[in-house]
Amino acid sequence: MSEPRRGDWDERHRGQPPGEAEPFLAAMLARIPRGVALDVAAGRGRNALALARAGMQVLAVDLSAEAMRILAAAARSARLAIWPVAANLDSFHLKDESFDAIVNINFLDRALFPKFARALRPGGILIADTFLIDQAAIAHPRDPRFLLDHGELRALAGGLEIEEYREGLTAYPGGERAFRASMVARRRKSA
C-alpha cells in the first residue's frame, strides 16, 4: 500500500478512541482458545482490547502508525498484553502454526485466507466478519473488491472446519444496519 494511502488512514484515526468490539466478536469470545491472537487490520484496537481483556496475548497489525499509537497507549493504560505493529499486510509474514486465534473484522484481502489457515495452531480459531455485496446498496463500502459474494466467506475458509456461519442484515444497538457475513472456523487438531 502506498505512503499517501497510509497518510489517509493515519488521518482517519487521529484523535479517535479505540471504540467497542464488533458485536459478533464479543459474542464469540468465550469460544476462542486462550493463548496468542492476531488482530488483522486492527485499526485503533477495539477488537484487540477485547481479546486482551479476555485473557489473550494479542499481536495487532495495521497499516496506520497513528492507529497503532492509539492502541499502544490504551494497552499501556490498561496493562494489557497487546503488541501493536504498523505494517502493510501485503508483505507481513505469518508464521505457520503461530496463533491460537486470528480475528479479521471489516477487512477483506482474499489472498490472506490461506495464510490464516496455515498460521493457526491445531485447534485454533479464525473469526472473520465483514461486508456482503448487498452493503453497496445501503452504505459504505461500495467497492466490490471489498465486498463478499454470498457464500464466499465459507469458501475462503478452505480446509478449516466451520462452526458458525451467518449472512444477512445485521442491526446494531445504535440503529445502524449492515449486510455482513460472519464466520467462526477452527483448524482441526492433528490426529
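Residue numbers start at 1 and run along the sequence shown. Keep in mind the model is a prediction, meaning the values are calculated, not measured.
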Engineer: Is there a side-chain contact between T130 and F146 (heavy atoms, below 4.5 Å)?
Structural biologist: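 No - every pair of side-chain heavy atoms lies 4.5 Å or more apart.
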Engineer: Can you hop from I162 to L112 via hydrophobic side chains spaced under 4.5 Å?
Structural biologist: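 The answer is yes; both residues are in one hydrophobic cluster.
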Engineer: Membership question, hydrophobic clusters at under 4.5 Å side-chain separation (ILVMFWY): are L153 and V40 in the same one?
Structural biologist: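 Yes: a chain of side-chain contacts under 4.5 Å links V40 to L153.
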Engineer: Go through the steps for T170 and R177 under the test side chain to side chain contact (heavy atoms under 4.5 Å, CB included), then give the verdict.
Structural biologist: CA-CA 6 Å; T170 299; R177 299 175 316 138; over 6 Å; no
Engineer: Does the side chain of L63 come within less than 4.5 Å of L89's, by heavy atoms?
Structural biologist: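 When only atoms from C-beta onward are counted, L63 and L89 do not touch, as no gap falls below 4.5 Å.
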Engineer: Would you sort out whether R110 and E152 count as a salt bridge (Lys or Arg N to Asp or Glu O under 4.0 Å), showing the intermediate values?
Structural biologist: CA-CA 10 Å; R110 291 163 176 90; E152 185 179 6; 2.5 Å; yes
Engineer: Below 4.5 Å, heavy atoms only, C-beta onward: do D62 and S64 meet side chain to side chain?
Structural biologist: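 The answer is yes; the side chains approach within 4.5 Å.
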Engineer: Does the side chain of L108 reach to within under 4.5 Å of the side chain of F113, using non-hydrogen atoms?
Structural biologist: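 Yes - at least one pair of side-chain heavy atoms lies under 4.5 Å apart.
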Engineer: Measuring from atom CD1 of I125 to atom CZ of F116, what distance do you get when rounded to the nearest 0.5 angstrom?
Structural biologist: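 Rounded to the nearest 0.5 Å, the CD1-CZ separation comes to 15.0 Å.
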Engineer: Side chain to side chain contact (heavy atoms under 4.5 Å, CB included) for L126 and V184? Distances and angles first, verdict last.
Structural biologist: CA-CA 6 Å; L126 169 64; V184 175; over 6 Å; no
Engineer: Which pairs with one or both residues in residues 73-87 pass side-chain hydrogen bond (donor to acceptor under 3.5 Å, both in side chains), sequence neighbours excluded?
Structural biologist: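 As it turns out, there is no side-chain hydrogen bond (donor to acceptor under 3.5 Å, both in side chains) pair with a partner in residues 73-87 once direct neighbours are skipped.
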Engineer: Is it true that V58 and I105 fall in one hydrophobic cluster, defined by side-chain heavy atoms closer than 4.5 Å?
Structural biologist: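 Linked, V58 and I105 end up in one cluster.
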Engineer: Distance from R118 atom CZ to K95 atom NZ, nearest 0.5 Å?
Structural biologist: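 Reported to 0.5 Å precision, the distance equals 14.5 Å.
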Engineer: Side chains of L59 and F99, heavy atoms from C-beta outward: is any pair under 4.5 Å?
Structural biologist: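 Yes, side chains in contact.
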Engineer: Check whether E22 reaches the backbone of N47 with its side chain - one donor and one acceptor, N or O, closer than 3.5 Å.
Structural biologist: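 No; judged by distance alone, with no hydrogens or angles, the pair does not exist.
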Engineer: Could you go step by step and tell me if F24 and R166 meet the side chain to side chain contact (heavy atoms under 4.5 Å, CB included) rule?
Structural biologist: CA-CA 10 Å; F24 182 74; R166 304 175 187 172; 3.5 Å; yes
Engineer: Could you go step by step and tell me if I102 and L120 meet the side chain to side chain contact (heavy atoms under 4.5 Å, CB included) rule?
Structural biologist: CA-CA 7 Å; I102 297 175; L120 284 171; 3.8 Å; yes
Engineer: Can you tell me how far apart CD1 (I82) and CG (L51) are? Round to the nearest 0.5 Å.
Structural biologist: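 Rounded to the nearest 0.5 Å, the CD1-CG separation comes to 8.0 Å.
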Engineer: Honestly, is R180 close enough over F131, meaning NZ or CZ under 6.0 Å from the six-membered ring centre and within 45° of the axis?
Structural biologist: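 Ring-cation test returns yes.
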Engineer: Which pair of heavy atoms, one from G123 and one from P33, lies closest together, and at what distance?
Structural biologist: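 What the structure gives for the nearest pair is O-CG, 3.8 Å.
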Engineer: When rounded to the nearest 0.5 angstrom, what is the spacing between CG in D149 and CG in L156?
Structural biologist: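 Going from the CG atom of D149 to the CG atom of L156 covers 10.0 Å.
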Engineer: Once rounded to the nearest 0.5 Å, what's the spacing between atom CG of D134 and atom CG of L169?
Structural biologist: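 Result: 9.0 Å between the selected atoms.
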Engineer: Could you check whether E164 pairs with R31 (Lys NZ or Arg NE/NH1/NH2 to Asp/Glu carboxylate O, under 4.0 Å)?
Structural biologist: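 Yes, charged N to carboxylate O under 4.0 Å.
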Engineer: What closest approach, in Å, do G151 and E167 show between heavy atoms, and which atom pair accounts for it?
Structural biologist: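 Heavy-atom minimum between the residues: N-OE2, 2.6 Å.
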Engineer: Any donor and acceptor pair, going by atom type alone, linking the side chain of D100 with main-chain N or O of V36 inside 3.5 Å?
Structural biologist: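 At least one qualifying donor-acceptor pair exists.
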Engineer: Looking at side-chain heavy atoms only, is the closest gap between L132 and H150 below 4.5 Å?
Structural biologist: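 L132 reaches H150 side chain to side chain.
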Engineer: Is there a chain of hydrophobic side chains (I, L, V, M, F, W, Y, each step under 4.5 Å between heavy atoms) that links M68 to L49?
Structural biologist: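 Result: yes, single cluster for both.
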Engineer: Is the backbone N or O of A54 less than 3.5 Å from a side-chain atom of R34, with the two atoms forming a donor-acceptor pair by type?
Structural biologist: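 Indeed, once roles are kept as given, a pair shorter than 3.5 Å links the two residues.
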Engineer: Could you tell me the separation between the CD1 atom of I133 and the CZ atom of R142, rounded to the nearest 0.5 Å?
Structural biologist: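 It is 12.0 Å, given to the nearest 0.5 Å.
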Engineer: Mind checking whether L38 and L94 have side chains closer than 4.5 Å, heavy atoms only?
Structural biologist: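 Yes, close enough: below the 4.5 Å cut-off.
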Engineer: Say whether, by atom type as modelled, one donor and one acceptor occur between the side chain of D39 and the main chain of A60 under 3.5 angstrom.
Structural biologist: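 Between the backbone of A60 and the side chain of D39 there is no qualifying donor-acceptor contact (under 3.5 Å).
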Engineer: Might you point out which heavy atoms bring G45 and L71 nearest each other, and give the distance in Å?
Structural biologist: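 Shortest heavy-atom separation between G45 and L71 comes out as CA-CD1, 3.7 Å.
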Engineer: Run the numbers on R46 and E20 for salt bridge (Lys or Arg N to Asp or Glu O under 4.0 Å), then give the verdict.
Structural biologist: CA-CA 5 Å; R46 65 192 181 117; E20 297 298 318; over 6 Å; no
Engineer: Give a yes or no on whether a salt bridge exists between R186 and E163, defined as a side-chain N under 4.0 angstrom from a carboxylate O.
Structural biologist: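 Salt bridge between R186 and E163, a charged N being under 4.0 Å from a carboxylate O: yes.
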Engineer: May I ask you to decide whether E97 forms a salt bridge with R187, counting only side-chain N to carboxylate O separations under 4.0 Å?
Structural biologist: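 Looking at E97 and R187, the cut-off is met.
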Engineer: Under a 4.5 Å cut-off applied to non-hydrogen side-chain atoms, are I32 and L25 in contact?
Structural biologist: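 When only atoms from C-beta onward are counted, L25 and I32 do touch, with a gap below 4.5 Å.
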